[in-house]
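Each chain gets a letter, A, B and so on, in the order the sequences are listed, and its residues count up from 1.
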Amino acid sequence: MTGFVLRRIFQSVLVMLAVALIAFIVIRFVGDPLESLASQETRLEDRAVMMQRLGLDRPVVFQFASFVRRGLSGDFGISYKQQEPVTRMIAERLPATLELALASAALALVLGGLLGIHCALKPESPLTHFIMTVSLVGVSLPTFLIGIGLIYLFSVELGWLPSFGRGETVKLGWWTTGLLTLSGWRSIILPAITLSLFQMTLLMRLIRAEMLEVLRQDYIRFARARGLPQSSIHFGHALKNTLVPVITVAGLQLGSVIAFAVVTETVFQWPGVGSLFINSVQSVDVPVMAAYLVFIALLFVVINLIVDILYYAVDPRLRIARGGGET
Amino acid sequence: MTQHKNDPVLSISNLTVEFPTASGAFKAVDGISLDIAKGEVLGVIGESGAGKSMTGAAVTGLIDRPGRISSGEIRLNGERIDGFSEAALRTVRGRRIGTVFQDPLVSLNPLYTIGRQLIETIRAHLPLKAKAARARAIELLREVGIGEAERRVDAYPHQFSGGMRQRVVIALAIAADPELLIADEPTSALDVSVQAQIVALLKSLCEKRGLAVLLITHDMGVIAEIADRVAVMNRGRIVETGPVADIVRNPREDYTRGLIAAIPSIHSKSTRPVLTGADHLVRVENIRQNFELPGGFSFPLLRRLSPVRHITAVDDVSFSIGEGQTFALVGESGSGKSTIARIVAGLLRPQTGRVAVGGRRMGESNAPAVGGAVQMVFQDPYASLNPRWRIGDIIAEPIRRLGLGQNRAEIDRQVAELLERVRLEPQARHRYPHEFSGGQRQRIAIARALSSRPRFIVCDEPTSALDVSVQAQVLDLMASLQAEFGLTYLLISHNLAVVRQMADRVGVLKGGVLVEEGAVEQVFERPQHAYTKMLLAAAPDIREAFRRREVGPGRDLTTIGGEETLPLEAG
Amino acid sequence: MAVDINLPAPPSPDRPASTPSGRIRLKLGIVTWLALLLAIGLMLAALFAPLLAPYDPFDPATLDLLDGMMPPMQPSAFTEKTFLFGTDNQGRDVFSSILYGSRVSLTVAFAATFLSLAIGVSAGLVSGYAGGVTDAVIMRVADAQLTFPTILIALLVFGIAQGLVPAAEQESAAVWILIFAIGFSNWPQFARTVRGATLVEKRRDYVAAARLIGVSPARILVTHILPNLAGPVLVIATIGLALAVIEEATLSYLGVGVPPTRPSLGTLIRIGQQFLFSGEWWILAFPAATLVLLALSVNLLGDRLRDALNPRLRDGRR
């Protein structure tokens with residue numbers, strides 16, 4: 001077990017280094033790092049001094065090493081546009097994104113799971129046909145259109161819910177939360193639904209497909225032939241076997257929720273890291289883009305690690321060495 | 001209805017199972033009737049598509065949609081059980097009818113310990129507390145011959161070998177003391193030595209518990225070994241029923257007669273002339289092949305960092321084949337026989353050693369085979385023909401590729417001729433592989449092999465995917481082509497009877513090592529190695545089975561093949 | 001109603017030679033027919049936009065600010081022109097804008113899908129057939145990229161590419177960058193599918209039979225394996241096209257896609273959203289509906305195609 005985890009951690013570090021390299025290349029070679037600091041009038045000598053101060057005259061390998069070192073201590077430089085430390089900008093906006101992501105992930109997991117199981121166990125029921133048709137429509141609707149549709153219905157026509165922002169927020173140390181005020185709760189409903197719909201559809205379809213596959217297996221047939229109760233076959237045998245492949249995808253989907261927040265945050269003018277990223281892409285604010293890339297990569301790597309360990313816990317074939325025999 | 005002591009446990013009358021298709025209802029089972037008494041084993045034999053498995057599924061109400069029982073009755077100890085609701089069937093399945101399926105590797109839930117699966121089944125039917133159920137589970141494992149049951153009850157299915165898993169499956173089937181056991185091809189997925197043990201286990205359970213057994217199989221050898229009566233099925237109907245000895249010795253119906261005649265026996269002496277002094281066309285010298293089981297890393301550069309397990313698939317094997325002769329390699333799964341076939345054909349380069357055909361060493365140039373002189377016939381006739389190509393193009397590919405035909409008309413003529421050689425219509429060349437049956441496809445594969453005018457053909461289990469009557473036709477074709485073209489064969493097979501019929505010399509493989517090699521008659525009549533003796537003793541054979549049954553239990557099948565070893569490692 | 005698709009049924013040992021011919025009969029329900037008609041109709045409309053559009057939305061000469069904000073089907077009080085879908089704030093005919101917008105959207109989507117197909121299929125084929133280090137490298141890259149949502153990759157590629165292109169050429173290069181960004185973001189799915197299918201086909205004995213007579217790997221890939229991948233590739237290409245349409249719209253909506261001078265459907269929706277609260281619903285609703293219909297119809301076709309090609313789903317049983 002420890003060997004397995006250590007290997008995975010080692011691999012994760014490699015992935016992070018690769019991502020850091022990409023981020024470094026982007027920062028170093030896309031756009032001119034001096035451009036942001038120097039104005040047109042800055043003299044050539046001053047430029048040379050600045051290059052030296054920033055370490056841009058040293059070999060690229062050293063520059064990368066120092067980039068990684070600074071990255072480890074949370075320093076990703078100064079935003080070209082805002083002239084603020086990138087790390088602080090991200091930290092300020094992180095709570096908004098995380099609250100939104102967690103709310104929609106919970107929605108997607110619970111509803112997607114329940115609907116998926118229903119569709120697999122009752123493949124011919126009218127409700128299943130209805131759900132499957134709606135889900136296909138759901139996959140075809142771009143997230144931003146769903147958001148606009150919800151705004152139109154609940155904000156413009158009905159006037160029930162706010163169409164933008166986080167509502168009132170409360171400061172808890174460095175964390176700002178919108179979940180302690182009524183306006184905060186009202187504000188998160190529409191964005192959370194918007195963000196969760198796509199993942200929900202995906203999870204539902206995945207769980208349905210995997211479970212149908214499992215239900216076709218011989219051990220399910222054998223369980224039926226032994227006269228086991230239906231609930232035990234469906235939820236004991238079939239569901240657990242379904243979870244093995246689903247865990248991986250579900251884990252990554254949770255990560256995607258944070259990354260997908262880019263679009264939802266734009267639609268609802270949600271003050272999170274996603275909209276920060278969009279602004280940086282629009283204005284080619286390279287340090288912010290690079291830092292966001294590293295941040296998202298770190299998130300995925302951590303989720304991947306957790307998923308792998310979960311996987312390991314669920315499936316005894318990975319956990320326990322195979323015995324001898326002719327198989 | 002009064003129940004008599006002599007009432008059959010299972011009584012099926014006029015059962016018909018239908019599948020609706022676009023062209024009307026297809027009758028998978030067509031008006032069959034049969035009875036099984038207490039303590040009796042009824043064998044149902046038939047080739048693929050005969051409806052025998054469907055009969056078993058009908059009894060337990062497990063017919064896949066959209067199939068349904070359209071008429072007839074099924075009675076269990078006098079009580080009519082067809083048409084039972086799903087809930088009522090659940091009190092029958094497991095409790096009154098136990099079922100054993102073909103493939104033990106996929107019959108058990110991989111995520112639960114076998115103990116948990118046993119206890120769950122026991123408690124679903126019997127009013128036992130968890131502790132008592134566990135004790136019963138251990139008892140059941142002992143009964144089916146699993147040693148150290150107390151320890152192994154907490155193991156997961158993947159920690160058991162195939163044969164052991166089938167024992168667990170049987171334990172599960174009898175967990176709640178059923179009256180009837182339906183065994184659907186219980187031994188077909190197993191090696192012959194393991195097969196014999198499972199057959200013996202079923203037999204002893206039937207005697208000890210007075211179980212009625214419905215044994216569904218395509219293997220007459222298994223029937224002869226343990227069945228009391230046999231029902232021969234063909235196309236959904238029962239052709240004839242009777243005591244096994246009567247049916248085998250004096251089949252009344254043509255179909256049965258053909259079926260039994262087609263079964264090769266390991267005791268029929270080879271009719272092939274003994275060839276001496278033939279030049280050696282194929283020489284295989286000291287080939288060795290290891291496979292790596294990857295460690296934790298999937299990235300090749302990192303794989304070096306983790307421990308790698310090596311598996312020796314082929315260990316220093318040498319043999320040679322005389323021109324115009326057939327050399328057979330026999331062995332159980334994992335013996336390395338298919339690896340050797342691929343090495344000899346040039347598809348795989350051996351790590352050490354050399355293979356020479358006609359004095360030319362294989363694998364020196366990039367083209368694996370020596371100018372089409374070496375060809376191969378594969379096991380699975382469904383995978384060996386490209387489904388997207390017409391038969392004509394499939395057979396013509398070697399001709400075109402090796403420049404053996406000058407122009408279109410010439411190639412076309414050759415293809416037509418080859419098709420006739422393998423007894424297919426020349427018009428077949430315009431059609432696609434899926435339009436042909438397994439046996440026809442195998443003949444197309446042989447035509448393709450012949451098209452490059454080979455001297456030597458490697459045949460890797462050429463008939464193991466075929467029904468026994470089709471197998472006889474293909475073997476017959478292979479033999480006549482050998483005589484006609486002076487072909488040399490390397491025949492890979494797990495079927496000893498096929499080997500005795502087809503081969504001049506035979507090599508026995510075990511764990512990648514050639515343990516015995518010699519002329520066919522010599523090896524079959526006077527086997528030297530213990531493993532060869534065991535293989536010969538375990539092979540299911542009709543005549544041998546009868547002899548044994550008349551003489552009485554002369555051999556103890558449970559010990560054949562020795563104790564199955566099971567190292568149990570904790571994670 | 002049925003359409004024949006010439007795809008031989010994959011070999012299934014359970015039912016040898018059961019189908020009388022290699023053609024599978026794809027029963028098309030009314031919904032599928034509608035989707036097919038809709039998809040083709042929208043594509044044709046986009047293709048012939050210059051002929052079909054009543055006005056040229058990019059020609060300032062035809063624009064009249066007095067015609068601005070006209071609701072659908074109401075004659076203008078000033079110019080007495082009637083606009084099918086109304087006009088936007090600058091007096092542009094929404095219907096014409098949609099025709100030209102679909103043209104931009106579909107051009108980008110088709111080109112991007114073609115790009116991801118080209119990269120994905122070749123990478124998948126090589127990866128699946130070669131195995132070893134080549135396979136490991138290609139698939140690691142694909143896996144790593146696949147863990148990030150495509151939209152994020154496209155945004156990153158777009159941002160980086162914008163940074164590399166001189167400011168003066170950014171506008172003209174935008175469409176190309178967009179095609180590259182979307183195409184590049186989608187290749188891993190294609191590669192994964194093709195690799196998986198290649199691995200399956202590679203192990204089949206017909207490939208061994210071809211190797212026996214010395215057919216080269218490249219030739220085996222193209223003549224033997226590739227034809228057997230036609231089904232899965234067709235399915236992922238169709239679904240990929242729908243994804244590309246959505247992705248393009250999303251990027252344009254986020255304001256990082258095509259320049260506003262050549263608006264795509266996403267740009268039109270972005271513009272239309274500004275009028276959501278002031279009651280000019282048509283500026284938003286018609287482009288949005290067009291986008292949804294386009295994505296939905298293509299997606300539905302892909303979905304039905306997949307069901308039809310999946311032998312297990314088709315048989316409904318093993």
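With sequence neighbours left out, B:E461 forms a side chain to side chain donor-acceptor pair (under 3.5 Å) with B:H494.
Smallest separation of non-hydrogen atoms from B:A173 and A:F222: N-CZ, 4.5 Å. Of all heavy-atom pairs between B:A124 and A:G227, the closest is CB-O, 4.4 Å.
Between B:R90 and A:Q230 the shortest side-chain heavy-atom distance falls below 4.5 Å. Contact check for A:Y219 versus B:S107: no side-chain heavy atoms found under the 4.5 Å cut-off.
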Carefully, step by step, assess B:D64 and A:R221 under the rule salt bridge (Lys or Arg N to Asp or Glu O under 4.0 Å). CA-CA 10 Å; B:D64 288 317; A:R221 207 178 140 80; 3.8 Å; yes
Take B:T99 and A:R226, measure what side-chain contact (heavy atoms from CB on, under 4.5 Å) needs, and give me the verdict at the end. CA-CA 7 Å; B:T99 311; A:R226 299 202 302 274; over 6 Å; no
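Both the backbone and the side chain of B:V169 come within contact range of chain A, judged by heavy atoms closer than 4.5 Å. Of the atoms belonging to B:I182, not a single heavy atom falls under 4.5 Å from chain A. The contact between B:E86 and chain A is made entirely by side chain atoms (from C-beta outward), counting heavy-atom distances below 4.5 Å. In this structure, chain A has no heavy atom under 4.5 Å from any part of B:T60.
A distance of 5.0 Å separates NZ in A:K240 from OH in B:Y112, rounded to the nearest 0.5 Å. Remark: B:Q117 CD to A:L228 CG distance equals 9.0 Å, nearest 0.5 Å. Distance check: A:L239 CG to B:L111 CG gives 11.0 Å after rounding to the nearest 0.5 Å. Between B:L105 atom CG and A:D218 atom CG the span is 10.5 Å, to the nearest 0.5 Å.
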